[in-house]
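What follows is one structure encoded as structure tokens, with my remarks underneath.
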Amino acid sequence: MDFELLLVILVDGLVYSSYLFLVAVGLTVIFGVQKVLNVTHGAFYAFGAYLTAYLIGLWAKGGLPDAGGFFLIFISAAILGVVLGVIIERGLLRFLYDRDEHIAVLATFAAFLVLEDVILLIWGTDPYLAFQPMSLLGSSEIAGLVFDNYSLTMIVLTFVVAFVLWYGLNRTQFGKILLAVIFDREVSMAMGINVTKVFLITFIIGTFLGALGGAYHAPIISVQPGIGVEVIVLAFAVVVIGGMGSIPGALIGAIVVGISRAAAVHLFPEVELFVIYGIMALVLIFRPEGLFAPIKARKI
Amino acid sequence: MTRVLEVHDLEKNFGGVVAAHNINVAVEIGETIGIIGANGAGKTTFVNMVTGYLKPSSGRIEFMGKNVVGLQPRDVTKLGLCRSFQVPQVFLSESIFDNMMVAYGIAERSGLGLFAPLHTEERAAKVDAQLKRYQIDDYRDMAASALPQGVRKLLDIAMATVRNPKLVMLDEPTSGISVEEKFGLMDIIMQALREEETTVMFIEHDMEIVERFVDRVWAFYQGQVICDATTAEAMKDEKVREFVIGQEYHPAHVEGGVHA
Amino acid sequence: MNRLFDKTFWGLTIGLVGLLALNFFLEEWMRSIGLQSLSRGCVAIGLLILWRTGLVSFGHALFFGFGAYTVAMMQILGVNDLFVLLICGMATAGFLAFFLGFLLRKYRAIFFALLNMAFSMILYGVLAKAEWLGSTDGFGVKQVSFIGMTPADDMYRPLLFVCAAFFAYISAVGAHWYLKSTLGMMTMAVRENEIRVEYLGYSAEKAIHVKYVLSGLLAGVGGVIMAVTVGHVDPDSMVYWPVSGDFVFITILAGTGNVGATFIGALVYELLRTYAFEFAPHLWQLILGGSLLLIIMFLPDGLWSIRSELRNRRELRQAKRDSDNRAAEVRR
């Protein structure tokens with residue numbers, strides 16, 4: 001195989017991996033702490049994309065500088081994190097912590113359906129485009145293939161997010177509390193940890209990450225109905241491959257999936273659509289707990 | 001062929017931890033064996049290996065002359081070696097009656113017969129007889145999750161013995177039961193099992209229970225059997241007194257040396 | 001043998017007779033709703049069996065799609081009889097479930113749900129990408145014959161409805177009887193305590209495998225009915241993950257108390273979908289999702305639990321009346 005193709009697959013794969021990581025990391029954070037596989041995550045992504053595209057559109061219409069788009073991406077994600085996070089966690093999820101895990105998945109699936117239509121109600125069915133931040137950064141050529149620089153910044157953002165999460169979890173007070181709650185909810189409660197608050201904060205962070213994924217993608221995709229449906233199963237796949245609830249797992253899972261998909265696209269285009277699920281099935285078959293399963297407390 | 005169970009050179013290591021070492025024991029038909037030993041001495045591991053739940057690192061286990069090492073619990077069960085659990089393993093959301101129905105259904109049916117209806121008059125009658133034998137018929141329609149601990153233990157044993165096993169291993173039948181109730185509970189169990197001429201082996205911490213119901217004692221210590229003797233002898237054994245019973249236990253009749 | 005012909009059996013039989021009678025009066029659009037309900041109902045019965053075992057599949061569109069695509073492929077090969085198509089659809093879905101079952105029977109909880117989803121998404125990817133499998137457009141499904149008979153045009157749909165009703169009836173009665181058998185009661189046993197099942201002398205994994213194959217067969221039946229009913233198969237409406245979600249939706253809606261309730265659940269689902277789409281095309285997902293949320297929150301055991309709820313209330317009222325009377329007597 002020639003070197004240029006390899007390079008293209010690598011860069012393309014890393015860009016796609018970053019996309020996947022940004023989408024999946026919020027899901028894995030919420031699963032790790034709340035033990036809920038949150039289908040509404042797909043809607044958080046869609047909300048993030050829509051709000052950002054909408055705001056960037058307004059911004060551009062007002063004749064403001066294109067660079068403001070980056071600011072809007074983070075503002076949208078933050079607003080959505082708080083608003084949607086509080087609504088879904090307080091309004092729905094907290095009633096489900098004691099129920100069967102399947103029920104929680106289904107309830108979030110139902111909420112996902114509802115949110116999909118709420119998006120349609122707010123923004124209608126027409127696609128939104130918010131290319132300004134992307135055209136601002138221009139493009140560069142790697143091995144004869146043109147990559148837009150904006151996509152490349154996604155790789156940087158991925159590592160920033162991964163580092164901040166790692167730092168937050170391992171080097172801060174809240175991280176320690178979180179680990180305690182993950183390890184044993186009842187005991188943490190007995191030790192005086194306000195689990196309700198921890199859950200809410202985690203969920204807001206998870207929602208923020210989901211919305212950020214959508215918001216950061218908005219400039220490079222056509223924001224239209226149905227984007228959440230596709231994203232959520234991709235995120236499932238990444239999270240399962242990496243190990244549910246593991247942040248390094250999500251990173252590795254995203255890289256594995258991203259590179260394999262890029263390889264498929266450039267080498268065997270006919271398997272592109274299912275290579276991800278193929279890997280997911282293989283991982284479930286040989287390592288059902290995922291590549292990086294978090295250590296579980298033995299309860300016997 | 002009077003031996004129900006023969007165990008030769010049984011070994012089990014978990015990583016570096018020795019859970020069973022050089023275990024050589026045998027059980028005669030009709031005997032009642034008491035397994036004693038501190039927590040972590042390897043008693044439950046032994047039961048788990050004999051019933052196929054754990055695979056021994058090496059050694060041979062013969063049940064009715066047949067090597068059972070490598071068999072699954074379900075196969076061992078079908079051969080007629082059954083067990084009960086320290087924590088009763090029952091179908092919590094169902095009534096005692098349905099628990100027993102399923103137990104009999106699985107025991108009596110195989111292959112396509114499993115597609116026949118579970119509820120039959122004949123099977124219901126058997127269930128009721130078994131419930132009566134274990135004196136839990138008063139609780140017949142109560143969900144297993146709502147039962148008092150003692151009743152749940154009896155249900156666990158009643159379910160374990162639906163196949164009229166040749167040998168039954170009871171893992172701490174009286175744990176979690178108040179002192180006043182222990183003897184009554186053991187009376188019910190032993191009476192029911194003797195009716196069926198079952199050979200019994202049980203793990204027990206209470207030495208009064210052991211002395212009352214057991215013919216022979218195996219004392220476990222750090223994965224080894226340090227004493228295999230009649231109950232009276234075992235109670236006087238130096239090692240048993242030091243490692244298992246502790247010095248504070250001085251039953252009068254052991255001093256007297258008479259024990260039936 | 002009376003235990004086989006119990007209330008549920010007679011309820012299902014009366015339901016079948018009612019459907020056959022109704023068939024004479026139904027408008028075509030109503031018949032379509034009925035056919036789709038019967039189709040999804042069959043799949044949901046399979047999910048009910050798994051659900052009672054404590055397992056939920058987020059990927060039964062895999063077997064549904066297999067059944068449906070078998071119809072299209074067999075028609076290409078020249079087979080056109082509904083009964084032959086049904087047997088083929090069940091066979092392919094059943095065999096697939098049989099082979100995957102060796103793997104799936106080792107999985108529980110969320111892993112079971114997601115592994116099923118992964119397999120259904122692989123099928124989706126294959127179907128959507130392969131030209132010879134119709135890619136995203138899928139295939140049209142022609143009118144079928146009934147044991148060699150080709151009815152007049154105006155009799156085609158009513159006859160199809162009769163057949164679908166019979167298939168669904170047989171599936172439901174079969175599933176009901178199965179659930180009352182020793183092996184069927186092991187659904188509960190495996191869900192509650194696998195260790196005990198093993199120590200009673202049966203393999204929990206084998207029990208799960210049987211249930212998995214049954215659920216695959218039932219999903220195959222549903223797929224065949226659906227393909228013939230809508231006259232078209234394509235990956236998005238037959239295999240994509242929300243299709244699997246809909247089946248689970250119906251299971252929740254109906255509750256797992258009774259196989260008959262599953263068809264009521266499927267009908268309610270179909271009506272919700274049709275009417276929501278008719279009157280609020282932009283809001284149908286919201287209405288669907290909203291009702292699912294309401295069910296989960298307020299009727300955790302599904303529509304079927306309304307029945308026992310009403311009975312409980314009646315008994316409570318009766319008990320209260322009795323105690324009031326007694327109190328009144330005492331006062332006297």
Side-chain angles (χ1 to χ4, degrees), chain A residues 31 35-37 39-40 43 91-92 95-96 99-121 124-125 225-226 229-230 232-234 236-237 239-241 244 264 269-285 288-290, chain C residues 51 54-59 100 103-104 106-131 135-136 235-236 240-242 244-246 248-249 251-252 276 280-297 300:
Chain A
F31 186 86
K35 307 284 179 278
V36 171
L37 195 60
V39 186
T40 49
L92 177 66
F95 302 108
L96 300 168
R99 302 270 299 264
D100 206 57
E101 61 178 350
H102 304 128
I103 298 290
V105 179
L106 288 169
T108 58
F109 171 59
F112 170 75
L113 291 177
V114 171
L115 288 177
E116 284 264 296
D117 271 1
V118 171
I119 289 176
L120 282 184
L121 279 182
T125 47
V229 185
E230 195 194 326
I232 184 64
V233 273
L234 279 178
F236 275 0
V239 166
V240 166
I241 289 168
M244 295 202 277
E270 58 277 7
V271 303
E272 177 208 335
L273 270 178
F274 64 86
V275 65
I276 295 172
Y277 304 102
I279 298 174
M280 174 179 171
L282 283 178
V283 166
L284 276 173
I285 291 166
E289 306 283 324
Chain C
W51 186 286
L55 298 167
V56 178
S57 162
F58 295 154
L100 289 183
L103 185 67
L104 263 312
K106 297 198 178 72
Y107 293 81
R108 304 292 180 274
I110 204 82
F111 298 106
F112 179 86
L114 288 177
L115 189 53
N116 272 299
M117 194 198 81
F119 282 124
S120 76
M121 287 304 286
I122 291 175
L123 179 68
Y124 174 79
V126 172
L127 291 176
K129 205 75 184 178
E131 280 302 325
S135 64
T136 45
D236 274 305
Y240 203 31
W241 73 266
S244 302
D246 291 341
V248 184
F249 185 150
T251 315
I252 295 268
H282 292 320
L283 291 180
W284 72 275
Q285 292 202 84
L286 193 146
I287 295 169
L288 223 56
S291 26
L292 180 54
L293 276 181
L294 288 178
I295 295 273
I296 290 173
M297 288 300 180

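Lettering of chains follows the sequences in order, A, B, ..., and the numbering in each one begins at 1. As a basis for the values below, the full set of heavy atoms in this structure was taken, side chains included, without hydrogen atoms, waters or symmetry mates. Not measured: the values here are computed from a predicted model.
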With a 4.5 angstrom heavy-atom cut-off, is it the side chain or the backbone of A/Leu106 that approaches chain C, or both, or neither? both

Under 4.5 Å, counting heavy-atom pairs only, tell me which of A/Ala107, A/Gly278, A/Gly124 racks up the most with chain C. A/Ala107

Heavy-atom distances under 4.5 Å only: say whether C/Ala130 touches chain A with side chain, backbone, both or neither. neither

Measure from the side-chain N and O atoms of C/Trp241 to the backbone N and O of A/Val229, and report whether any donor-acceptor pair falls under 3.5 Å. yes

Side chain / backbone / both / neither for A/Ala281 at chain C, heavy atoms under 4.5 Å: both

Rounded distance (nearest 0.5 Å) linking atom CD of A/Glu116 with atom CG of C/Leu286: 11.0 Å

Under a 4.5 Å heavy-atom cut-off, does chain A meet the side chain of C/Trp51, its backbone, both or neither? side chain

Interface moiety of A/Leu96 toward chain C, non-hydrogen atoms closer than 4.5 Å: side chain

Separation between OH (C/Tyr107) and CD1 (A/Ile285), nearest 0.5 Å, reads 6.0 Å

On a heavy-atom basis, which atom in A/Phe236 and which in C/Met117 lie closest, and how many Å separate them? CD2-SD, 3.7 Å

Can you tell which of C/Leu103, C/Leu114, C/Ile252 has the highest number of heavy-atom pairs within less than 4.5 Å of chain A? C/Leu114

Most heavy-atom pairs under 4.5 angstrom with chain A, which of C/Leu288, C/Leu292, C/Ile122, C/Leu115? C/Ile122

Under 4.5 Å from a heavy atom of chain C, the part of A/Ile279 involved: neither

Chain C heavy atoms under 4.5 Å from A/Val275: which part of the residue, side chain, backbone, both or neither? neither

Check C/Met121 against A/Phe274 and note the closest heavy-atom contact, atom names and distance. O-CB, 4.1 Å

Please state whether the side chain, the backbone, both or neither of A/Leu284 comes within less than 4.5 Å of a heavy atom of chain C. both

Applying ring pair (Phe, Tyr, Trp, His ring centres under 6.0 Å), name anything that partners C/Phe119, two or more places apart in sequence or on another chain. none

Sort A/Ile232 into side chain, backbone, both or neither according to what part of it lies under 4.5 angstrom from a heavy atom of chain C. side chain

Of the backbone (N, CA, C, O) and the side chain (C-beta and beyond), which part of A/Val105 lies under 4.5 Å from a heavy atom of chain C, both, or neither? side chain

Looking at every heavy atom in both A/Ala110 and C/Leu293, which two are closest together, and how far apart are they? CB-CG, 3.7 Å

Which pairs pass salt bridge (charged side-chain N to carboxylate O under 4.0 Å, His left out) with one or both residues in residues 112-130 of chain C, sequence neighbours excluded? A/Glu272-C/Lys129

Without swapping roles, check the side chain of A/Tyr277 against the backbone of C/Tyr124 for a donor-acceptor pair under 3.5 Å. no

Between C/Leu104, C/Leu283, C/Val248, C/Ile295, which shows the greatest number of heavy-atom pairs under 4.5 Å with chain A? C/Leu283

Let's test your reading of the structure: which of A/Val114, A/Leu92, A/Asp117 forms the most heavy-atom pairs below 4.5 Å with chain C? A/Asp117

Test your reading of the model: is there a side-chain donor-acceptor pair from A/Glu101 to the backbone of C/Ile110, 3.5 Å cut-off? yes

